[in-house]
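Counting convention: from 1, in listed order, for ligands and their atoms alike. What you are looking at is a predicted structure, and each value in this text was computed from that prediction instead of being measured.
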Amino acid sequence: MTQPTDYPSIAALGKALRDRRVSALELATDALQAVHNGPDPHLFLHVDDALTLAQARAADALLAQGKAGPLAGIPIAHKDLFVTRGWRTTAASRMLADYVSPFDATVVERLEQAGTVSLGKLSCDEFAMGSGNENSAFGALQNPHDPDRVPGGSSGGSAAAVAAGLVLGTTGTDSGGSVRQPAAYCGVSGIKPTYGTVSRYGVIAYASSLDQAGPLARSAADLVPLLDTMSGFDIQDSTSLETCNGVANAPGRITAAYDHCRGLFGSGGGQPLAGLRIGVPREFFGAGLATAVADAIEAALRVFESLGARRVDISLPLTRLAIPAYYVIAPAEASSNLARFDGVHFGYRTPQYQDLPDMIRRSRSEALGPEVRKRILVGTYVLSHGYYDAYYLQAQRVRRMVANDYRQALDQACDVIMGPVTPNVARRRGDHDHDPIADWLGDIYTLGANLAGLPALSIPCGLGGPAKHLPIGLQIIGRHFDEGRLLALADCFQQHTDWHQHTPRHVA
Ligand code: GLN
């Protein structure tokens with residue numbers, strides 16, 4: 001059987017496909033079998049062999065014509081928040097349990113045009129609200145490194161599928177950390193680009209001013225062609241960017257910037273990163289950070305220093321306030337976005353009701369899960385007359401101040417910011433069942449990049465937990481549109497370390 005993980009990288013598998021040493025069809029056939037035999041029955045929410053094999057045949061046709069790009073024939077899968085023709089799109093909610101979209105999200109369409117082969121739709125937290133993938137209406141997921149632990153959320157399925165070796169890349173979305181946090185917990189690489197880089201068209205909206213899609217893969221090098229294909233201006237998304245710092249936001253931008261930075265790093269000899277200033281926010285290392293995580297980040301920073309980078313102590317004083325600001329703004333936007341699920345336009349409708357208001361109330365109460373209902377209530381409250389100024393407006397002010405702190409640090413003190421992704425390794429499943437706020441606190445290091453719209457990635461940098469078997473993530477945050485540099489830095493780290501090659505025991 002040929003597995004995607006038999007190849008060290010997307011580039012290597014892409015070459016094998018172009019050289020016709022393996023066909024997209026045999027790869028997809030074997031990958032589907034692995035998906036059907038996978039240890040976690042809840043990982044995929046919809047698999048359709050016929051649809052996957054049709055894409056594989058199309059990829060083989062592209063390859064036969066010699067027209068194939070770097071992603072032709074590469075097995076991937078999508079978070080079930082991206083709408084797809086053919087495959088159901090549920091957002092892991094009973095509300096959309098049977099929903100099939102009449103169109104593809106721009107991201108899905110672009111990846112398909114590039115010849116990728118989708119194995120189906122991956123579970124996530126319901127409407128992307130959560131940190132452990134336990135909010136899916138269709139069953140909690142396992143972390144491939146330890147089935148008793150969560151894979152993270154909300155793109156938990158996207159991280160777990162890569163870690164389990166089922167696919168080489170996945171799509172995820174990140175409104176407050178949902179690509180980076182599960183990437184960290186599952187020991188894979190993931191990037192959230194600058195807000196506006198990737199089209200949100202066809203991504204089921206959670207918090208529109210924060211939502212941004214990004215890929216997950218085993219290494220930074222693998223993220224490059226995925227992000228490049230996903231990104232680019234899209235007229236269908238009003239917040240999509242036409243240009244980035246004077247450069248067109250078009251496919252090719254990420255690869256060009258990445259290659260440029262790698263060239264610069266390559267010219268530095270034994271000190272490839274000479275001149276690079278790494279800002280290390282002291283607020284990221286306070287109470288609550290597990291020792292194993294702090295130690296792993298320290299060790300990673302020493303690797304960067306040994307490559308010539310300089311470490312700069314910086315302050316992001318409002319770090320703690322990012323949590324209350326996000327948990328006001330995101331629910332406010334969610335309460336508005338989710339108003340469309342009313343039993344009339346989309347999705348579930350209760351079978352028994354007295355009148356229209358009763359039908360709407362019952363449909364929403366029966367089909368939306370507790371976390372989603374909680375956020376709709378919070379959001380409706382903070383937007384209501386009399387509380388708007390006290391909560392929503394105040395949160396917007398804090399958001400601007402948090403963004404200013406990041407801007408000041410990145411303008412004046414450093415080129416990139418590094419720190420942990422999460423305060424701890426993946427928690428046990430069910431651990432936060434009785435403490436709704438505990439998960440929210442775990443978002444402390446990731447929210448800032450969303451509030452400020454900055455690009456940020458997570459790469460594996462160590463192991464922790466009782467048996468030293470649970471991955472730890474390093475976060476790198478950059479200036480707007482600096483994805484190429486972030487990915488080149490991450491690649492440089494991965495050239496000198498092998499944390500990204502650590503696979504779960506049953507996959508090895
Ligand atoms: N964990 C955060 C939350 O629960 C982030 C979610 C996200 O990025 N979609 O809202």
Side-chain angles (χ1 to χ4, degrees), residues 79-82 91-93 122-136 140-141 150-159 170-186 190-193 195 198 200 203-216 322-335 337-338 368-379 382 395 399 420-424 426-427 431-433 435-458 473 475 477:
K79 181 178 186 176
D80 204 19
L81 209 67
F82 293 86
S93 180
L122 292 159
S123 185
C124 53
D125 281 304
E126 185 173 3
F127 288 106
M129 300 178 193
S131 301
N133 230 116
E134 291 181 305
N135 298 338
S136 165
L141 297 189
V150 297
S154 65
S155 313
S158 307
T170 53
T171 55
T173 63
D174 187 316
S175 313
S178 279
V179 162
R180 290 160 285 158
Q181 187 254 33
Y185 282 181
C186 290
I191 183 165
K192 176 201 92 70
Y195 184 80
V198 174
R200 293 186 295 109
V203 183
I204 294 179
Y206 157 37
S208 308
S209 77
L210 300 155
D211 298 346
Q212 187 57 197
L216 297 94
I323 300 177
Y326 170 86
Y327 279 102
V328 167
I329 293 167
E333 295 185 12
S335 73
N337 276 326
L338 272 65
L368 297 174
E371 182 70 21
V372 176
R373 292 204 306 271
K374 183 169 73 193
R375 293 194 194 196
I376 290 173
L377 286 175
V378 170
V382 298
R399 177 179 191 171
V421 179
T422 56
N424 214 331
R427 62 174 169 78
D431 256 9
H432 286 176
D433 271 2
D435 182 356
I437 307 295
D439 264 355
W440 293 11
L441 295 178
D443 297 334
I444 184 160
Y445 308 128
T446 50
L447 297 175
N450 298 85
L451 292 172
L454 296 169
L457 59 72
S458 170
Q475 182 171 209
I477 305 171

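Within the 4.5 Å cutoff, no side-chain heavy atoms of S123 are placed close to those of D80. Counting only heavy atoms from C-beta outward, the side chains of T170 and L216 approach each other to under 4.5 Å. The side-chain heavy atoms of E371 and D125, taken from C-beta on, include no pair separated by under 4.5 Å. Residues I191 and V179 form no side-chain contact, since every pair of their non-hydrogen atoms from C-beta on lies 4.5 Å or further apart. At least one side-chain heavy atom of Y326 sits under 4.5 Å from a side-chain heavy atom of S175. Using a 4.5 Å heavy-atom threshold, the side chains of N450 and D174 count as touching.
Atoms of ligand 1 found under 4.0 Å from any heavy atom of A128, numbered from 1 in the order shown, are 6 (C), 7 (C), 9 (N). Atoms of ligand 1 found under 4.0 Å from any heavy atom of Y206, numbered from 1 in the order shown, are 9 (N), 10 (O). Heavy-atom contacts of S175 reach the following atoms of ligand 1: 7 (C), 8 (O), 9 (N) (cutoff under 4.0 Å). Atoms of ligand 1 lying under 4.0 Å from any heavy atom of S154, numbered from 1 in the order shown and given with element: 9 (N). Ligand 1 places these atoms under 4.0 Å from at least one heavy atom of G176: 5 (C), 7 (C), 8 (O). Close approach to G177 involves these atoms of ligand 1, each under 4.0 Å from a residue heavy atom: 8 (O). Near G130, meaning under 4.0 Å from any of its heavy atoms, are these atoms of ligand 1: 1 (N), 2 (C), 3 (C), 4 (O), 6 (C).
Geometrically, ligand 1 and D174 share no nitrogen or oxygen pair separated by less than 3.5 Å. Where the criterion is an N or O separation shorter than 3.5 Å, residue side chain and backbone included, G153 fails it with respect to ligand 1. Every N/O-N/O distance between T173 and ligand 1 stays at or above 3.5 Å. Among the atoms of M129, none of the N or O lies under 3.5 angstrom from an N or O of ligand 1.
Legend: residues meeting ring-ring contact (aromatic ring centres under 6.0 Å, His included) with Y327, ordered by chain and number and at least two apart, are W440. Qualifying ring-ring contact (aromatic ring centres under 6.0 Å, His included) partners for F82, counting only residues two or more places apart in sequence or in other chains: none.
Among all non-hydrogen protein atoms, the one lying nearest atom 3 (C) of ligand 1 is Y327 OH, 3.2 Å. Distance from atom 2 (C) of ligand 1 to its nearest protein heavy atom, with residue and atom name: D443 OD2, 3.2 Å. Looking only at protein heavy atoms, the nearest one to atom 5 (C) of ligand 1 is Y326 OH, 3.4 Å. For atom 6 (C) of ligand 1, the closest non-hydrogen atom of the protein is S178 OG, 2.9 Å.
Ligand 1 has no atom lying under 4.0 Å from any heavy atom of A330.
Within the 3.5 Å criterion, the main-chain N or O of E126 finds no donor-acceptor partner in the side chain of N135. A donor-acceptor distance shorter than 3.5 angstrom exists from the side chain of T171 to the backbone of K79, with no hydrogens or angles considered. Side chain of Q181 to main chain of S131: a donor-acceptor pair is present (N/O by atom type, distance under 3.5 Å, no hydrogens or angles).
The option from K79, E371, Q212, R375 that lies nearest to atom 4 (O) of ligand 1, judged by heavy atoms, is R375.
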